[in-house]
Amino acid sequence: MNNPDGLDEIGQWSVDKLRILQAYSKEYAAILSNQRTNTGARLFKTGYIDGFAGAGKHLHKSSREEIPGSPAIALATPGFDEFHFVDLDDARVGQLQALCRGHANAHVYSGDCNAILLDTIFPKFPFKQYRRALCFIDPYGMHVDWKVLEAAGKSGSIEIFLNFPVADINRNAKRARLEDISPDGRARMTRLWGNEDWHAVMFKPSPQMAFDLGGGAMTETEKTGNDTLVEAFRERLKTVAGFKFVPHPVAMKNSIGAIVYYLFFAGHNETGERIAKHIMKKYRR
């Protein structure tokens with residue numbers, strides 16, 4: 001089977017990611033839509049947000065099967081009151097608009113999701129007005145602004161699933177010397193992390209000493225592993241962004257066992273964390 005629509009081709013690890021999102025979305029929307037006021041009216045208005053929505057469908061690399069993407073999954077999930085899909089690519093935006101025909105409560109945006117989320121979509125979900133949202137952030141690499149994650153955390157009303165792009169980080173930002181990193185890689189990593197503290201997490205001081213050509217002592221560094229970086233980012237989501245519950249993420253591996261990214265859940269209530277952990281447990285391998 002060819003790929004005439006130019007769909008993103010995905011591996012089984014991405015299928016697993018979509019299954020996790022689908023399972024949680026179903027529970028999330030059902031629980032919130034069933035919350036009632038004393039008069040029997042629905043207490044919460046709920047939204048689904050997709051920051052890097054894509055075309056709404058994918059093509060499986062191995063089976064060549066067409067796989068529903070996160071927007072299609074969300075639209076088929078009962079309980080959401082509105083949907084917000086963002087993509088930068090004009091062709092994907094057109095495919096999203098076609099997917100959303102017949103859904104008056106679905107909104108498609110073209111442009112940089114970081115600005116659109118912060119300026120347009122997140123403000124639609126104020127905590128005090130009993131509006132809640134589940135936001136899926138699935139970038140192709142280091143294209144997320146920390147300000148977006150912090151805004152969701154401090155809102156108290158927006159939960160997120162985030163793909164933390166460790167493969168892109170290792171390829172384009174993990175160098176012992178900052179000056180050896182391309183300006184683009186360094187800027188994107190700093191934007192994702194929120195500051196340049198990420199470099200000190202990647203490279204810890206070594207007990208060994210080296211000497212320069214002049215005989216002066218220099219402190220050597222040791223490269224840390226993915227686990228160290230991911231745990232530090234998890235702590236930032238809790239202590240800086242303000243999410244109350246951030247369980248350990250799932251390492252998503254490709255067909256040869258290499259970790260492509262880590263799937264994070266971050267939320268504001270214990271029930272959400274319990275459900276997310278139960279669903280994610282199946283995919284920890």
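Along the sequence shown, the residues carry numbers beginning at 1.
- We find the CD1-CE distance between Ile259 and Met252 to be 11.0 Å, quoted to the nearest 0.5 Å.
- Evaluation of the ring-ring contact (aromatic ring centres under 6.0 Å, His included) rule for His107 yields His84 as partners, not counting sequence neighbours.
- Using a 4.5 Å heavy-atom cutoff, the side chains of Lys238 and Val246 are in contact.
- Within the 4.5 Å cutoff, the side chain of Arg186 has heavy atoms near those of the Glu196 side chain.
- Heavy atoms only, all atoms of each residue included: Gly185 and Ala173 are closest at O-CB, 4.3 Å.
- Rounding to the nearest 0.5 Å places OH of Tyr109 at 8.5 Å from CD1 of Ile116.
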With side chain to side chain donor-acceptor pair (under 3.5 Å) as the criterion, how do Asp87 and Gln95 come out once you've worked through the C-alpha distance, each side chain's angles and the decisive distance to 0.1 Å?
CA-CA 10 Å; Asp87 205 276; Gln95 290 168 310; over 6 Å; no

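- Salt-bridge check for Glu82 with Arg131: passed, with a basic side-chain N closer than 4.0 Å to an acidic carboxylate O.
- Below 30°, between 30° and 60°, or above 60°: for Phe83 and Phe85 the angle between ring planes is below 30°, a parallel geometry.
- Although no hydrogens or angles enter the test, the distance criterion places a donor-acceptor pair under 3.5 Å between the side chain of Ser33 and the main chain of Ala30.
- Leu229 and Ile181 fall within the same hydrophobic cluster, defined by Ile, Leu, Val, Met, Phe, Trp and Tyr side-chain heavy atoms under 4.5 Å apart, directly or through other members.
- Taking all atoms of both residues into account, the shortest heavy-atom contact from Asn254 to Trp13 is CA-CE3, 3.3 Å.
- For the pair Ile169/Asn226, no side-chain contact is recorded, criterion being any heavy-atom separation below 4.5 Å from C-beta on.
- Heavy-atom neighbours of Tyr130 OH from other residues, nucleotides or ligands within 6.0 Å: at or below the threshold of 12.
- Put simply, the side chain of Ser157 never gets that close to the backbone of Pro126: no donor and acceptor are under 3.5 Å apart.
- The pair Lys17-Asp138 counts as a salt bridge, with a side-chain nitrogen and a carboxylate oxygen less than 4.0 angstrom apart.
- Atom-to-atom distance recorded for Arg175:CZ and Lys223:NZ is 9.0 Å, nearest 0.5 angstrom.
- Under the 6.0 Å distance and 45° angle rule, Arg236 counts as a cation-pi partner of Trp146.
- Considering NZ of Lys281 and NZ of Lys277, their distance stands at 10.0 Å, rounded to 0.5 Å.
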- request: Run the numbers on Leu117 and Ile49 for side chain to side chain contact (heavy atoms under 4.5 Å, CB included), then give the verdict.
  value: CA-CA 9 Å; Leu117 291 177; Ile49 304 168; 3.4 Å; yes

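- A salt bridge is absent between Asp8 and Lys57: the closest approach of a Lys/Arg side-chain nitrogen to an acidic carboxylate oxygen does not fall below 4.0 angstrom.
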- Message: Leu59 vs Glu65, test: side chain to side chain contact (heavy atoms under 4.5 Å, CB included). Steps then yes/no.
- Response: CA-CA 6 Å; Leu59 198 65; Glu65 176 187 3; over 6 Å; no

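- Between Tyr24 and Phe161, the ring centre distance stays below 6.0 Å.
- When the side chains of ILVMFWY residues are joined at heavy-atom separations under 4.5 Å, either directly or via intervening members, Phe245 and Tyr28 end up in two distinct hydrophobic clusters.
- Looking only at side-chain heavy atoms (C-beta outward), Phe136 and Tyr48 come within less than 4.5 Å of each other.
- Counting heavy atoms from C-beta on, the side chains of Arg42 and Gln35 never come closer than 4.5 Å.
- Here the shortest heavy-atom pairing between Ala91 and Asp89 reads N-OD2, 3.1 Å.
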Could you please spell out the steps behind the side chain to side chain contact (heavy atoms under 4.5 Å, CB included) verdict for Phe203 and Glu222? CA-CA 5 Å; Phe203 295 92; Glu222 294 178 348; over 6 Å; no

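- Between Phe164 and the options Tyr261, Phe265, Phe233, a ring pair (Phe, Tyr, Trp, His ring centres under 6.0 Å) holds for only Phe233.
- Put simply, Phe44 and Phe127 are part of two different groups of oily side chains (I, L, V, M, F, W, Y) that touch within less than 4.5 Å, one to the next.
- Using a 3.5 Å distance cut-off with no hydrogens or angles, the side chains of Gln12 and His60 do pair a donor with an acceptor.
- Put simply, OH on Tyr262 and NE2 on His248 are 12.0 Å apart, with the number rounded to the nearest 0.5 Å.
- At least one side-chain heavy atom of Ile10 sits under 4.5 Å from a side-chain heavy atom of Val15.
- No path of Ile, Leu, Val, Met, Phe, Trp and Tyr side chains, each step under 4.5 Å between heavy atoms, connects Ile137 with Leu18, placing them in separate hydrophobic clusters.
- No donor-acceptor pair under 3.5 Å is formed between the side chain of Asp81 and the backbone N or O of Gly47.
- By the 6.0 Å contact criterion, NE2 on His103 is enclosed, its count of non-hydrogen atoms from other residues, nucleotides or ligands being greater than 12.
- Within the 4.5 Å cutoff, no side-chain heavy atoms of Lys147 are placed close to those of Asn114.
- For the pair Lys244 and Glu270, the salt-bridge criterion is not met [side-chain N within less than 4.0 Å of a carboxylate O].
- Looking only at atom types and distance, the side chain of Asn172 has no donor-acceptor partner in the side chain of Asp184 under 3.5 Å away.
- Taking 4.5 Å as the limit, some side-chain heavy atom of Val148 sits within range of a side-chain heavy atom of Leu118.
- Under a 3.5 Å cut-off, the side chain of Asn163 and the backbone N or O of Pro165 do not form any donor-acceptor pair.
- The minimum heavy-atom distance between Ala241 and Leu149, with the atom names listed, is CB-O, 4.0 Å.
- Among all heavy-atom pairs drawn from Met280 and Ile20, the shortest one is CG-CG2, 4.1 Å.
- In the hydrophobic clustering of this structure, Val86 does not group with Leu88; members are Ile, Leu, Val, Met, Phe, Trp, Tyr whose side-chain heavy atoms approach within less than 4.5 Å, directly or through other members.
- In this structure a side-chain-to-backbone donor-acceptor pair under 3.5 Å is missing from Thr224 to Thr228.
- Judged as a side-chain contact (heavy atoms from CB on, under 4.5 Å), and not counting sequence neighbours, the contacts of Thr239 are Glu235.
- Between the CD atom in Glu159 and the SG atom in Cys135 there is a gap of 11.0 Å [rounded to 0.5 Å].
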- Query: Should Arg191 and Asp112 be marked as a salt bridge (Lys or Arg N to Asp or Glu O under 4.0 Å) after you check the CA-CA gap, both sets of side-chain angles, and the distance that decides it?
  - Reply: CA-CA 14 Å; Arg191 190 184 189 198; Asp112 174 18; 3.7 Å; yes

I would like to know whether His268 and Arg132 meet side chain to side chain contact (heavy atoms under 4.5 Å, CB included); could you show each step before the answer?
-> CA-CA 11 Å; His268 305 284; Arg132 302 291 184 268; over 6 Å; no

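- For the residue pair Ser25 and Leu134, the shortest heavy atom distance occurs at OG-CD2, 3.5 Å.
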